[in-house]
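Notes for the one structure printed next.
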Amino acid sequence: MGRVIGTAGHIDHGKSTLITALTGIDPDRLAEEKRRGMTIDLGFAHLRLPSGREIGIVDVPGHARFIRNMLAGVHGLDAVILVIAADEGVRPQTREHLEIVDLLEVQRGVVALTKVDLVDDQWRALVTDEIKAAIEATSLAKAPIIAVSAVTGQGLDDLKVALDRVLDDTEARTDVGRPRLPIDRVFTMSGFGTVVTGTLVDGSLGVGDELELVPSGRRVRIRGLQQHNRQVEVASPGSRVAANLSGADRNEISRGDVLARPDTLPVTRRVDARVRVLTDSPRPLRHGADLTLHTGTVEVASRAIVLEGDAINAGSEGWVQLYLEAPIAAAAGDRFILRLPSPSTTLAGGRFTDVAPRKHPRHDAAVRESLERRASGDVLQEELRKYPRGVSVAALLKATLATTGGVDELAARRVAEWIWAPEHWDALAVRAREELREYHSAHPLRSGMPREELRSRLGVAHGAFAPALAGLVDDGVVAERDGEISLPDHEVAAQAPDGAGSRLIEELGRNPFAPPSIAEAMEKSGAGGEVVRALERKGDLVRLSDDVVFTRDAYDGAVALVKEMITSSGSITVAQLRDRMSASRRPVLALLEHLDSRRVTRRVGDARVLR
């Protein structure tokens with residue numbers, strides 16, 4: 001399992017020189033860095049500790065002008081080496097880097113007191129006391145202070161041992177099967193093509209894997225992987241990784257992009273977060289403030305919506321919603337830093353709680369309570385509550401980066417691949433009952449509401465409706481018959497309230513084997529189409545064709561007559577049946593074709609026989 005540590009500290013305090021002395025690798029790779037003698041961008045090295053543990057090292061610039069580069073290098077660290085020169089002590093960038101480390105909650109580290117060959121013991125003791133006071137209220141409060149000299153080699157072995165001890169207490173990186181590689185460097189190698197580097201989290205990558213560049217969505221494939229300058233087939237979480245990619249050119253990738261498995265990492269322009277403002281911040285975090293957000297390796301402009309009050313004061317915490325100028329890849333739990341763009345100053349930091357939030361009303365206690373529950377670990381349940389009309393399991397998992405096992409433990413109603421929070425499912429059931437009750441009252445002669453009409457009334461998406469309906473049927477909330485939905489106890493009214501049904505049957509029964517067309521009978525009786533359909537469903541009427549309808553008694557008598565005539569003579573023609581029924585050709589032909597379709601009779605030439 002890989003480990004990654006980073007440096008932090010003021011310019012010229014010897015960070016890069018120390019890394020070179022420890023590893024034999026100069027992390028300053030740019031010609032300008034070598035010419036100016038200062039670190040401008042991120043540098044990388046690796047080291048085998050006395051325990052045999054191999055670690056990756058991210059060296060960051062110390063100059064205030066390059067703080068954005070420093071911030072791109074301090075995500076995903078297991079520990080940090082805070083470098084402080086013995087001849088200068090704690091300086092402004094020492095404090096700002098320490099503030100950033102504290103806001104990012106990097107809990108483990110070592111203080112390297114460099115250049116001790118330049119000072120006497122008394123001065124060294126004074127600087128040591130100053131360092132202890134500076135780190136006392138931070139996440140590095142327990143960090144050991146190791147005196148070193150990159151020039152003489154003093155203390156280098158002690159520093160390696162101290163790093164080993166710090167990492168002994170570090171929890172193993174979790175592999176949740178959803179690898180993310182926030183990209184901090186992109187370059188082209190002759191003969192290989194595009195290469196990206198980053199610190200891998202949340203899962204493993206393998207050669208041949210198809211991945212997605214987020215947020216652009218471009219698909220790429222891994223041609224090769226390296227860890228610590230060695231080719232590997234699989235890279236594990238917590239490692240510094242270089243990935244040779246096919247499918248994208250150098251100019252199509254930039255720092256801040258994230259490599260992930262396709263469709264597993266959400267893209268967002270809005271996040272909810274818990275924020276802590278620095279104790280010595282020059283100003284509060286005000287509602288509506290324009291800020292720069294740094295998370296992972298990305299930097300993006302943002303606007304802060306304070307969800308309680310008008311500001312979060314120095315040294316205080318609060319909930320904010322951040323609107324981002326551009327989409328980013330992010331996950332709940334990711335740490336971030338907020339800086340004032342002008343003058344460029346670190347203001348606050350925290351963790352994302354929800355990376356796909358709705359727009360919230362301010363000063364809403366229910367919103368804050370929901371965020372508190374998410375922050376305490378109830379992420380899946382709170383995410384599920386955001387979807388009153390249900391959500392697919394795949395979408396829920398993508399939004400939360402959770403596993404299917406977590407879904408199985410939810411308090412929820414699940415049907416196939418769709419899922420509802422209990423309160424939303426109950427509300428859906430109540431709404432379905434109300435809509436059907438109203439429909440049955442308005443249409444007593446109908447057996448039920450068409451499926452699409454119920455879907456529209458409930459406001460359920462097309463993809464969710466089939467599982468929702470199946471669940472409502474299983475729960476006994478509704479019944480489905482022939483594509484129509486009703487309440488389980490619904491019975492079609494026996495008669496139209498105005499007696500039109502009785503009049504229609506009477507009209508058709510005046511000449512039972514030669515009734516008028518159904519349109520004519522409806523006009524004379526005043527019965528509408530709903531009455532006809534109700535009588536057909538009830539069985540009081542039998543439709544033989546579009547315009548020929550028999551009463552039940554007439555139909556049963558006609559069928560009996562047909563069977564009797566065929567049994568007697570072996571077959572029957574339209575003319576023979578017409579004469580016996582004293583009817584015109586129209587109803588007789590409709591009857592025989594109806595019986596053919598019902599497989600009672602079979603046509604042979606001009607005659608019918610029984611099947």
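FYI, the numbering just counts along the sequence from 1.
Between Ala329 and Val214, the shortest heavy-atom contact is CB-CG1, 3.4 Å. Annotation for Arg255 and Val186: closest pair N-CG2, 4.4 Å, computed over non-hydrogen atoms. Nearest approach of Thr295 to Phe352, heavy atoms of both residues: OG1-CE1, 3.6 Å. Among all heavy-atom pairs drawn from Thr94 and Gly89, the shortest one is OG1-O, 4.4 Å. The two atoms that bring Trp319 and Ala273 nearest to each other are CE3-O, 3.3 Å, heavy atoms only. Here the shortest heavy-atom pairing between Ala243 and Leu225 reads CB-CD2, 3.9 Å.
Using the six-membered ring where Trp is involved, His228 and His46 have ring planes that are tilted, between 30° and 60° apart.
The closest donor-acceptor contact from the side chain of Asp209 to the backbone of Gly206 lies under 3.5 Å. Ser246 contributes no side-chain N or O that, together with a main-chain N or O of Arg223, makes up a donor-acceptor pair within less than 3.5 Å. At distances below 3.5 Å, at least one donor-acceptor pair connects side-chain atoms of Arg362 with backbone N or O atoms of Gly309. Asp120 contributes a side-chain N or O that, together with a main-chain N or O of Trp123, makes up a donor-acceptor pair within less than 3.5 Å. Side-chain N or O atoms of Thr20 include none that pairs as donor or acceptor with a backbone N or O of Leu18 at under 3.5 Å. Side chain of Ser281 to backbone of Val277: no donor-acceptor contact under 3.5 angstrom is found. With hydrogens and angles disregarded, a donor-acceptor distance shorter than 3.5 Å links the side chain of Ser302 to the backbone of Leu291.
Rounded to the nearest 0.5 Å, atoms CD1 (Ile328) and CG (Leu322) are 9.0 Å apart. Note: Leu380 CG to Leu397 CG = 7.0 Å, rounded to the nearest 0.5 Å. Once rounded to the nearest 0.5 Å, the distance linking CG of Leu347 with CG of Leu340 reads 4.5 Å. To the nearest 0.5 Å, atoms CG (Leu205) and OG (Ser239) are separated by 9.5 Å. Once rounded to the nearest 0.5 Å, the distance linking NE2 of His97 with NE2 of His13 reads 11.0 Å. In this structure, CD1 in Ile81 is found 4.5 Å from CG in Leu163, a value given to the nearest 0.5 Å.
Salt bridge Arg368/Glu308: present, at least one basic N to carboxylate O contact under 4.0 Å.
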query: After noting the C-alpha distance and the side-chain angles of Asp164 and Arg53, does the key distance pass the salt bridge (Lys or Arg N to Asp or Glu O under 4.0 Å) rule?
result: CA-CA 8 Å; Asp164 245 342; Arg53 176 188 286 124; 2.6 Å; yes
- prompt: side chain to side chain contact (heavy atoms under 4.5 Å, CB included) between Ile5 and Val58: does it pass, once the steps are laid out?
  reply: CA-CA 6 Å; Ile5 63 172; Val58 182; over 6 Å; no
message: Run His287 and Val320 through side chain to side chain contact (heavy atoms under 4.5 Å, CB included) and show every step you take.
response: CA-CA 9 Å; His287 172 67; Val320 297; over 6 Å; no
Stepwise side chain to side chain donor-acceptor pair (under 3.5 Å) test for Asp184 and Thr197: CA-CA 6 Å; Asp184 50 36; Thr197 68; 2.8 Å; yes
- prompt: Could you walk me through whether Asp158 and Val148 pass the side chain to side chain contact (heavy atoms under 4.5 Å, CB included) check?
  reply: CA-CA 8 Å; Asp158 293 337; Val148 297; over 6 Å; no
Full working for salt bridge (Lys or Arg N to Asp or Glu O under 4.0 Å) between Glu105 and Arg351: CA-CA 10 Å; Glu105 300 177 18; Arg351 287 177 181 258; 3.2 Å; yes
message: Using the rule given for salt bridge (Lys or Arg N to Asp or Glu O under 4.0 Å), can you reason through Arg180 versus Asp202, listing the C-alpha separation, both sets of side-chain angles and the distance that settles it, and then say yes or no?
response: CA-CA 6 Å; Arg180 291 190 287 154; Asp202 291 345; 2.9 Å; yes
task: Before giving the answer on side chain to side chain contact (heavy atoms under 4.5 Å, CB included), spell out for Ile183 and Val258 the whole-Å C-alpha distance, their side-chain angles and the decisive distance to 0.1 Å.
output: CA-CA 6 Å; Ile183 295 169; Val258 180; over 6 Å; no
Working for salt bridge (Lys or Arg N to Asp or Glu O under 4.0 Å), residues Arg91 and Glu96: CA-CA 9 Å; Arg91 302 291 291 158; Glu96 183 162 26; over 6 Å; no
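Within the 4.5 Å cutoff, the side chain of Val4 has no heavy atoms near those of the Ile55 side chain. You'll find the side chain of Asp364 stays beyond 4.5 Å of the side chain of Leu307, heavy atoms only.
With sequence neighbours excluded, the residues forming a salt bridge (charged side-chain N to carboxylate O under 4.0 Å, His left out) with Glu210 are Arg219, listed by chain and number. Remark: Asp354 pairs with Arg374, Lys386 by the salt bridge (charged side-chain N to carboxylate O under 4.0 Å, His left out) rule, at least two apart or across chains. Every side chain to side chain contact (heavy atoms under 4.5 Å, CB included) that Pro92 has, sequence neighbours left out, goes to His10. Residues that satisfy the side chain to side chain contact (heavy atoms under 4.5 Å, CB included) test with Ser254, not counting sequence neighbours, are Asp257. In terms of the side chain to side chain contact (heavy atoms under 4.5 Å, CB included) criterion, residue partners of Arg373 (sequence neighbours excluded) are, by chain and number, Glu369, Ser370, Asp378, Glu382, Arg385. Remark: Glu325 engages no residue in a salt bridge (charged side-chain N to carboxylate O under 4.0 Å, His left out) (not counting sequence neighbours). Taking the side chain to side chain contact (heavy atoms under 4.5 Å, CB included) definition, one finds that Val116 meets it with Ala86, Leu113, Arg124, Ala147, Ser149, Gln154, sequence neighbours left out.
Every pair passing side-chain hydrogen bond (donor to acceptor under 3.5 Å, both in side chains) that includes a residue from residues 269-278 is listed here, sequence neighbours excluded: Asp102-Arg276, Asp272-Gln321, Asp272-His360, Arg274-Glu317. Sequence neighbours left out, not one pair with a member in residues 174-210 passes ring-ring contact (aromatic ring centres under 6.0 Å, His included). Legend: salt bridge (Lys or Arg N to Asp or Glu O under 4.0 Å) pairs involving residues 126-135, not counting sequence neighbours: none detected. Pairs passing the salt bridge (Lys or Arg N to Asp or Glu O under 4.0 Å) check and including a residue from residues 228-238, sequence neighbours excluded, read Glu54-Arg230.
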Donor-acceptor pairs under 3.5 Å, side chain of residues 135-146 to any protein atom, not counting sequence neighbours: which ones?
residue, atom, partner, partner atom, Å
Thr138, OG1, Ile135, O, 2.9
Thr138, OG1, Leu140, N, 3.2
Ser139, OG, Val106, O, 2.7

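The closest side-chain donor-acceptor pair between Arg240 and Thr199 falls under 3.5 angstrom. For Ser204 and Asp175, the side-chain atoms include at least one donor-acceptor pair closer than 3.5 Å.
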